[in-house]
Structures are given as C-alpha cells and as structure tokens.
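What's counted below: heavy atoms across the whole structure, side chains too, no hydrogens, waters or symmetry copies. These figures come from a predicted structure and were not determined experimentally.
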Amino acid sequence: MKTIFEKGHPGQGLSLLPSCDVPEIHLDHERMTPPRLPHLGENELTRHYKQLCDRVHGVNDGFYPLGSCTMKYNPKIDEELAALPGFTQVHPLQPVSTVQGCLEAMWTLEQSLCAVTGMDAVTLQPAAGAHGEFTGLLLIKAYHTHRGDSARTKIIVPDSAHGTNPASARMAGFDVVNIPSGPDGCVDLDALSAAVGPDTAGLMLTNPNTVGIFDKNILSITRIVHEAGGLCYYDGANLNAVAGVVRPGDMGFDVCHLNLHKTFAAPHGGGGPGSGPVGCKALLRDFLPGPQVEKTGEDYNFFTPAHSIGRVKGFYGNFTVTVKALAYLLTLGKEGVPEASENAVLNANYMMWRLAKTYDMAYNGWCMHEFVMTLEKLHKDTGVSAMDIAKGLLDHGIHPPTMYFPLIVHEALMVEPTETESKETMDEACAVFEQLYQDALRDPQSLHEAPRRTPVRRLDEVSAARNPVLRYEFPTGDGEAANP
Ligand SMILES: *Cc1c(COP(=O)(O)O)cnc(C)c1O
C-alpha cells in the first residue's frame, strides 16, 4: 500500500477555506521551508484512511480475546457524553469557578473509584496502568522516607505479575525481588516469608494474576508483608474480574491502580489515551500527586496534598477518559458493576471448559476473567506451535490471544473473551480453535503457512524487533528538504 505522501501530486487537493482577507503577520520564529504536506483531494484522503482501517483488526471487526489486555466493546454513549462541549471546550487553566462541572465530574469519579476499590483517596493523574504503578511506588517510597526508614529498598514481585510491575519498581528506584508461584498458580507463601525483611519496601501483586487466578492466600500475603513493615500494592488492571464483588482495600492493600482503558469503558490499543488512576489508604493520602479535587460545601477546588510527590502528568490526567469511566460507572450502577465482572468470569469459564476437552490448560480448576492454555504437547507431537495456531486464527477473522505470556507457561495462549461477547461469538470462536487443533493433527504444514487471507503473511519478527524502520525516507531531489 502506498503512503499518503506517495499518493496525489502538488496542485491536487481541495481547499475549502476562503482566501485570507486580513493582513498576514510574520512571526519571529517562522520556519525556513514550507511544511511537507500530502497533496490529496478529500475523496482520496478518505479512501486512504479507510484502506488503512481495513488492514487492522479491532473489536469492531471481530473477536479479540487478547488476554491481559481486556479488548472489550465499549458503549458508544460514554464517548458521546465525554464529547459534550462542557467537557471538551474548556481550558485547563480556566478559573475553577467557571469549570465547576468538570471538577464535580472528577470528584464524583474519585469517590466512585474509592467505593469500588475500598481506598480512601484517588488521583486521576496517571495516564496508563504502568504510570499508575510508578506513581503508587513513589507513594510507598515517600511513606518510608517520611518515617525516616531508608533501609526499605526492595519490592517483592511474584513471577505471575504483569511485566510492567518489575519494570515500574526499577523505574521508581527499587531493587526487585522475584518470588516463584506454586503449581497452583498462586504465590508460594514460604518463598514470600523468606523474602520479606527490614529491607522490604513493599509487594506488588497482580490479582487476578497473569494466569487468570485469584490468589486464594491473598489475606495471608498482605499480612506477611505488613508484619515485615512493608506496604502492599495491588495491580488492579484486571479489576474487570472482581469489580463490585471484592475490593483491594478489604484484602489488605494500601495502594492500587486501575486501568480505566480496560475496565471502565475507554477503548485502548495503538497508544491511544489511557488512564491509570491510583487509589490509596489514608496513610498515603498526604503524598498523592497534586492537584487533587476537594469539595467544600457546594464548591469544588484544587489543592495540593501536604507532602505531595508532585505532579506525574500535566494538568489533571486524560480528562475525557475519566469522564467516559464516570459515565460508564453511573450507567451500570451498584448492580451493574458486579454483573459485568460476573459475566467476564462466566464467559472465560464457558470457553475454558469447552476448550479443555481439546486443548491442555496450564492450570486446573476455575479461572477468573482469562485462562491460559499450554500447547507444549501439541507442539511436541505435531510441530505446530502456539504461534502457528495464533496465525491460523487470523485466517478465521479472529485476533490471536496473547502468546508466549506469561513466561512461566510454555507455548502459552492466554484467552480473555471479556464480558461483552455473546454466547454465539464464543461458540464460533471455540469451533475455530477446535478446527485448528484438528488441522494441526492432520496437516501441520497448513498451519505453518498461515495466515493466508491477511494483507501481509508471516512477518520477519526478529528483523522487525532488531532493525525497526520507524521513519519514512522521502525520495531526495523532489525540491523539498529530506526531513519534513
Ligand atoms: C495492562 C496491564 C498493565 C499495564 O497497563 P498499561 O496501561 O498498558 O500501562 C499492568 N498490569 C496489568 C495486570 C495489565 O493487564
């Protein structure tokens, strides 16, 4: 497919703007050369973007069971509400008296998220889950430092944690101590007891964890860490499995983040704006980033907490993403939130128990919102890998599940149907999985050659990772600078 710069030619295009009828003003820092812009008519332009759109797979195209990423359908009404001019036609530096509605929306969402998580205060600033982790860890650090306890330099991270957990801990300046999971996919309590000590700043737990299991020992885990003087961080990106049913605050956690762009109605993927609010118990409240919203009588105002770690994001976070979450929460209400979680768990179990008749599951028993299959035996017997099955799914219009993650499972495929898929869609997807298994037994070569029906076939992933070409090279000598 041609790039937009390879289409059209100078002179082509459509300008609907009338010619300028006021004197032109020249600025001091004017650019030397005109910007390089594509020359296309509106018609060609629309077709170009439609073609690009046709080449990707989104939740609007078909089933997208990308475990750990929660690619679910989000109600369009939440987009409509977040797009209201009262939310979008405001400036972040406007006097607060003129944006009371926006502050009320932020404050109401903070209260709602406190109710959902069992925390005492929330910041809406972090722009993503990993950013929330980083923020939460800075709170933990500030807490220990404030108490004059400088020996607590270690964060314990179980091997079933999301990959961002150890990375965030390092970013926040901690040393990471990894502890193993048992064969049941839960934290090994003996390993945890052996790991904690006077150097423990805290523990980060992803729950339900990356193998889709709710840790049955969760209360013992938080007790062990607290008795050693550490704090407990809950990675709540998987909250769509438990929201409205159990709360991190009640499980003994001191701080947690949520992914609004997974659980609460903001679409994500492709680097779109996300939001990873952080909730904390009262003991960490004074360290939260500022500004925070407070309500005095009928008025809303900003304030900065006494020992704030400072800003972690410009202004107030990705504001319209938070409005979508508020709209979603208020539409679902107290009954709807747990119902959504229950459906996420029901759907995952529905698919898992049907597929368990064909595929090996990495763990036995009930799962939460996602489950992990291991294709180790199939790979050994037929040469067909998890990658081959994933590529085969593409030919059936299904986005592959998460592959080769979590690392503790060999030939892993991690499936998360989400609560928004119908029984019919899941039945069709299961039938495709079953057919691919039969294909693997009968004709492994056909799967090594998949996909056949996608715009591109197998990509050279090693080269793509090692020598990524991230910049378009313009042909030189066309009269414009080579660097736009
Ligand atoms: C997605 C996810 C994260 C990271 O969230 P981002 O918004 O991608 O930074 C962290 N933990 C878990 C369990 C996740 O699923």
Side-chain angles (χ1 to χ4, degrees), residues 65-70 129 155-166 176-196 203-225 232-243 245-246 248 251-253 256 262 341-342 344-379 386 401-418:
L66 193 65
S68 187
C69 293
T70 315
I155 293 285
I156 299 170
V157 183
D159 62 5
S160 59
H162 193 77
T164 48
N165 292 185
V176 176
V177 180
N178 259 298
I179 53 165
S181 315
D184 58 355
C186 297
V187 169
D188 180 335
L189 290 185
D190 293 334
L192 177 63
S193 299
V196 295
L203 161 105
M204 286 182 96
L205 195 79
T206 303
N207 187 68
N209 61 21
T210 54
V211 295
I213 290 173
F214 189 106
D215 204 304
K216 60 182 191 289
N217 301 317
I218 201 129
L219 294 174
S220 312
I221 293 172
T222 52
R223 185 179 40 77
I224 292 170
V225 176
C232 296
Y233 184 99
Y234 188 96
D235 178 335
N238 291 336
L239 205 79
N240 67 321
V242 297
V245 181
V246 284
M251 299 178 223
F253 288 86
C256 72
K262 282 181 186 168
S341 302
E342 282 157 14
V345 174
L346 181 65
N347 282 359
N349 278 286
Y350 179 74
M351 279 193 73
M352 184 186 76
W353 289 104
R354 172 160 167 187
L355 289 179
K357 293 184 194 132
T358 312
Y359 288 86
D360 293 329
M361 294 297 153
Y363 298 92
N364 297 320
W366 300 97
C367 65
M368 295 298 290
H369 62 305
E370 60 194 3
F371 59 92
V372 183
M373 328 202 267
T374 168
L375 278 64
E376 202 173 8
K377 186 166 175 301
L378 184 72
H379 188 215
T402 295
M403 300 179 290
Y404 298 101
F405 182 83
L407 302 174
I408 46 180
V409 177
H410 295 293
E411 291 295 326
L413 284 182
M414 182 188 203
V415 180
E416 177 176 9
T418 80

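- With Thr206 contributing its side chain and Ala161 its backbone, the two residues share no donor-acceptor pair below 3.5 Å.
- Pairing each heavy atom of Met361 with each of Ala356, the nearest pair is CE-N, 3.7 Å.
- Here the straight-line distance linking atom CG of Leu66 with atom OG of Ser68 works out to 8.0 Å at 0.5 Å rounding.
- For the atom pair CE (Met403) and CD (Glu411), the distance works out to 10.5 Å, reported to the nearest 0.5 Å.
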Trace of the side chain to side chain contact (heavy atoms under 4.5 Å, CB included) decision for Val415 with Leu355: CA-CA 11 Å; Val415 180; Leu355 289 179; 5.5 Å; no
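- A distance of 10.0 Å separates CG in Asn178 from OG in Ser160, rounded to the nearest 0.5 Å.
- Phe214 and Met368 make their closest contact through N-CG, 3.7 Å (heavy atoms, listed as atom of the first residue, atom of the second, distance).
- With values rounded to the nearest 0.5 angstrom, Lys216 atom NZ is found 8.5 Å from Ile213 atom CD1.
- Residues Ala386 and Leu375 share a closest heavy-atom pair of CA-CD2, 3.8 Å.
- With contacts defined as side-chain heavy-atom distances shorter than 4.5 Å, the pair Ile156/Val225 does not qualify.
- Inter-residue side-chain proximity for Tyr234 and Thr222 is flagged as unmet; no heavy-atom pair is nearer than 4.5 Å.
- Contact check for Asn207 versus Asn238: no side-chain heavy atoms found under the 4.5 Å cut-off.
- Between the side chain of Asn217 and the main chain of Ser220, no donor-acceptor pair closer than 3.5 Å is present.
- Put simply, the side chain of Pro158 does not reach to within 4.5 Å of the side chain of Asn209, judged on heavy atoms.
- Put simply, SG on Cys69 and NE2 on His162 are 6.5 Å apart, with the number rounded to the nearest 0.5 Å.
- Counting heavy atoms from C-beta outward, Leu205 and Ile218 have side chains that approach closer than 4.5 Å.
- Here the side chains of Leu203 and Val187 are not in contact, with every heavy-atom distance at 4.5 Å or above.
- Residues Val372 and Pro406 share a closest heavy-atom pair of CG2-CD, 4.1 Å.
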Intermediate values then yes/no, side chain to side chain contact (heavy atoms under 4.5 Å, CB included), Asn240 and Lys262: CA-CA 8 Å; Asn240 67 321; Lys262 282 181 186 168; 6.0 Å; no
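- In this structure the side chain of Met414 reaches within 4.5 angstrom of the side chain of Thr210, judged on heavy atoms.
- Contact between Val345 and Ala241 at its shortest, heavy atoms only, is CG2-O, 3.5 Å.
- A side-chain donor from one of Asp159 and Ser181 sits under 3.5 Å from a side-chain acceptor of the other.
- A distance of 6.5 Å separates CE of Met204 from OG1 of Thr164, quoted to the nearest 0.5 Å.
- Between Asn349 and Cys367, the closest heavy-atom pair is ND2-O, 2.9 Å.
- Thr70 and Glu416 are linked by a side-chain donor-acceptor pair at a separation below 3.5 angstrom, with hydrogens and angles left out of the test.
- In this structure, the side chains of Met251 and Val246 come closer than 4.5 Å at one or more pairs of heavy atoms.
- Thr374 places no side-chain N or O within donor-acceptor distance of the main-chain N or O of Asp360, the cut-off being under 3.5 Å.
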